[in-house]
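Structure first, commentary second.
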Amino acid sequence: MRYKRPRGTQDILPDQVSEWRLAEETFRRIANDFGYSEIRTPIFEETDLFVRSVGAETDIVAKEMYTFSDRGGRSLTLRPEGTAPVVRAFLENNLQGTDPGRVVKLFYIAPVFRYDRPQAGRYRQHHQAGIEALGSASPALDAEVMHLAWLFYSALGLEQVDLLLNSVGCTVCRPVYVERLRAYLAGHARALCDDCRRRYEANPLRILDCKNPACRQVTADAPMMLDVLCDDCARHFAEVRKVLETIGITYQVDPRIVRGLDYYTKTAFEFVGKGLGAQDALGGGGRYDGLVEACGGPPTPGVGLGIGLERVLLARQALGLSVGAPARRGVFVIGLGEAAAQWAIAFLARLRAAGVRADLDYRFRSLRAQMRHADAMGFRYAAIAGDEELSRGEVTVRDLETATQESLPTEGAIEYLSSMSRREHCGGNAHG
RNA sequence: GUGGGCGUAGCUCAACGGGAUAGAGCACUGGACUGUGGCUCCAGGGGUUGGGGGUUCGAGUCCCCUCGCCCACCCCA
């Protein structure tokens, strides 16, 4: 094989596309229902946008970005996450207008690139469906974001999804906490794993997230961010919990979840699925009240969410869920013999011009072979003509579902088939 | 980035401890049914055994390199 797709990428083949469309269309519908509008941003941005927003010390920026310089010498980066580009577009296009209190709610479905070592559920190009709500600090909005994800998973048949909730504080209380955590850990440095000893300086919060049993033991009695939140953050967290309970969303407080992007403040959450192995995060997000300002805009609170579509589809697969075959639809045209082949081409063109789903077999094989093909391709009708029908100006119309057929004059057949086709569009139970 | 497992028709898998022409099911094509799909039966086409090198009289099988996938770590979606 001469060429192969780049490592960690995937071809989405025709037989998988209906699953993708189901996920995308479900997300679009729900996001729209929640008052979010779709936005599409470039697939690459100035490298600095991600460095400044995501954080230079994060794994994403430090070792996972696809960064390149273009012919003009600009440093550009393939989007490694969805939020920063949306915030950039929000500012650049002044989507907030002249009302500083306006809440701007946006959603996107876009490919995301990270140079990770691939494994199941982890790719170098994956797709995220995300939302961003900018302009409001209301805890009810945090809950709305989680509610949207909740309904999305449930609409796709994923009922066993756990919501893990935490607060990572703000610029007031987090630095205080980090120092307290360092002070605590200082006495246990020898018990920590190598990675965590490195994290001690760079990002001690990460140590809480370490799965190493020794580190777990050390941090079991460590002070927790949740216990040290400032009044504002504590009030916010309590309020988010209250709204979630009002809405009826079950969640678990997990003081250890720390997101991999530096811009998060206050609320941080993750949705975790079952049967997915180590890569079990189906989505995550949180509040980022300092991000807009860090990107050069006015102080503007925000909260958002990203959902990994590959993992959602993997989770559906693990449950044995799949989009059913669509209802039979359209007409397969079969001309037998040379004269009839010409007739078939013309008949096909007229059906298509009338908006009917229709095709024919350009190999003009045996009737049997063509019937089998029509059946396999999911056509509802076969329109068959040989010399016999042509001499009478008629066509045999067979309904593949009821296995009945009748002879119709050519004109009447087109009218009949296009009216049946219109009915299929309104009354059909097909989707995807 | 670290450690480990696995790569055989389009797909899912066989092939004693190296031995002859690498098999089967599904799918595909044709036929039984000379102009009628799904079921059944019969027949057929299809492989540089991921790629490259080595050991051997002989390699799908053993060794080395490489690429890819998978699992765990890591990280996260």
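In what follows, chains are A, B, ... by sequence order, proteins preceding strands, each numbered from 1.
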Do [X] and [N] have a side chain to base donor-acceptor pair shorter than 3.5 Å?
{"X": "Arg122(A)", "N": "C74(B)", "result": "yes"}
{"X": "Glu389(A)", "N": "G35(B)", "result": "yes"}
{"X": "Arg372(A)", "N": "U36(B)", "result": "no"}
{"X": "Arg117(A)", "N": "G3(B)", "result": "yes"}

What contact category does [X] fall into here, base, sugar-phosphate, or nothing, at under 4.0 angstrom with non-hydrogen atoms?
{"X": "Gly277(A)", "result": "sugar-phosphate"}
{"X": "Gln370(A)", "result": "nothing"}
{"X": "Tyr123(A)", "result": "base"}
{"X": "Leu261(A)", "result": "sugar-phosphate"}
{"X": "Gly8(A)", "result": "sugar-phosphate"}
{"X": "Glu310(A)", "result": "nothing"}
{"X": "Arg5(A)", "result": "nothing"}

**Asked** So which one's nearest nucleotide on RNA chain B is more toward 5', Ala376(A) or Ala281(A)?
**Response** Ala376(A)
**Prompt:** If you find the nucleotide of RNA chain B closest to Thr9(A) and the one closest to Arg328(A), which residue's nucleotide is nearer the 5' end?
**Reply:** Arg328(A)
If we take the [atom1] atom in both [N] and [M], what is their distance in whole Å?
{"N": "C41(B)", "M": "C26(B)", "atom1": "P", "value": "8 Å"}
{"N": "C63(B)", "M": "G25(B)", "atom1": "P", "value": "33 Å"}
{"N": "A9(B)", "M": "A27(B)", "atom1": "C1'", "value": "11 Å"}
{"N": "U49(B)", "M": "C11(B)", "atom1": "P", "value": "15 Å"}
{"N": "G45(B)", "M": "G18(B)", "atom1": "P", "value": "33 Å"}
{"N": "G19(B)", "M": "C28(B)", "atom1": "P", "value": "35 Å"}
{"N": "G47(B)", "M": "G23(B)", "atom1": "P", "value": "13 Å"}
{"N": "G3(B)", "M": "A77(B)", "atom1": "P", "value": "26 Å"}

**Prompt:** Would you find a donor on one side and an acceptor on the other, under 3.5 Å apart, between the side chain of Gln342(A) and the backbone of Ala339(A)?
**Reply:** no
**Asked** For the side chain of Thr47(A) and the backbone of Ser75(A), is there at least one donor-acceptor N/O pair under 3.5 Å apart?
**Response** yes
**Asked** Testing Thr396(A), Thr410(A), Leu336(A) for side chain to side chain contact (heavy atoms under 4.5 Å, CB included) with Glu389(A), which one passes?
**Response** Thr396(A)
Starting at atom [atom1] of [X], determine the distance to atom [atom2] of [N], rounded to an integer number of angstrom.
{"X": "Ile60(A)", "N": "C76(B)", "atom1": "CD1", "atom2": "P", "value": "7 Å"}
{"X": "Leu336(A)", "N": "G35(B)", "atom1": "CG", "atom2": "P", "value": "8 Å"}
{"X": "Arg311(A)", "N": "A77(B)", "atom1": "CZ", "atom2": "P", "value": "8 Å"}
{"X": "Arg7(A)", "N": "G50(B)", "atom1": "CZ", "atom2": "C1'", "value": "14 Å"}
{"X": "Asp15(A)", "N": "A27(B)", "atom1": "CG", "atom2": "C1'", "value": "13 Å"}
{"X": "Asp116(A)", "N": "G1(B)", "atom1": "CG", "atom2": "C1'", "value": "10 Å"}
{"X": "Leu400(A)", "N": "G37(B)", "atom1": "CG", "atom2": "P", "value": "10 Å"}
{"X": "Arg124(A)", "N": "C76(B)", "atom1": "CZ", "atom2": "C1'", "value": "15 Å"}

What nucleotide, of [options], holds the atom closest to the side chain of [X]?
{"X": "Ala369(A)", "options": "A72(B), C76(B), G30(B)", "answer": "G30(B)"}
{"X": "Ala278(A)", "options": "G4(B), C73(B), A32(B)", "answer": "C73(B)"}
{"X": "Asp375(A)", "options": "G37(B), U36(B), C71(B)", "answer": "G37(B)"}
{"X": "Arg259(A)", "options": "C74(B), A77(B), G37(B)", "answer": "A77(B)"}
{"X": "Leu367(A)", "options": "G35(B), C71(B), G68(B)", "answer": "G35(B)"}
{"X": "Arg398(A)", "options": "G35(B), G37(B), A72(B)", "answer": "G37(B)"}
{"X": "Arg365(A)", "options": "U36(B), G30(B), G50(B)", "answer": "G30(B)"}
{"X": "Ala403(A)", "options": "C76(B), G68(B), G37(B)", "answer": "G37(B)"}

Pairing nucleotide - [N], Watson-Crick or G-U, each distance under 3.5 Å:
{"N": "A72(B)", "result": "U2(B)"}
{"N": "G46(B)", "result": "none"}
{"N": "A59(B)", "result": "none"}
{"N": "C26(B)", "result": "G10(B)"}
{"N": "U34(B)", "result": "none"}
{"N": "G17(B)", "result": "none"}
{"N": "C39(B)", "result": "none"}

**Asked** Using centres under 5.5 Å plus planes under 30 degrees as the test, is His373(A) stacked with G37(B)?
**Response** no
**Request:** Start with the C-alpha distance between Asn32(A) and Glu38(A), add both sets of side-chain angles, then the distance that settles side-chain contact (heavy atoms from CB on, under 4.5 Å), and finish with yes or no.
**Result:** CA-CA 8 Å; Asn32(A) 249 304; Glu38(A) 182 163 1; over 6 Å; no
With a cut-off of 6.0 Å (strictly less than), are more than 12 heavy atoms of other residues, nucleotides or ligands near [atom1] of [X]?
{"X": "Lys63(A)", "atom1": "NZ", "answer": "no"}
{"X": "Glu57(A)", "atom1": "CD", "answer": "no"}
{"X": "Tyr200(A)", "atom1": "OH", "answer": "yes"}

**Step-by-step ring-ring contact (aromatic ring centres under 6.0 Å, His included) determination, Tyr36(A) to Phe107(A)** = CA-CA 6 Å; Tyr36(A) 291 76; Phe107(A) 81 87; 7.7 Å; no
**Asked** Relative to each other, are the rings of Trp20(A) and His127(A) parallel, tilted or perpendicular (30° and 60° limits)?
**Response** perpendicular
**Prompt:** Under 4.0 Å between a side-chain N or O of Arg368(A) and OP1 or OP2 of G35(B)?
**Reply:** no
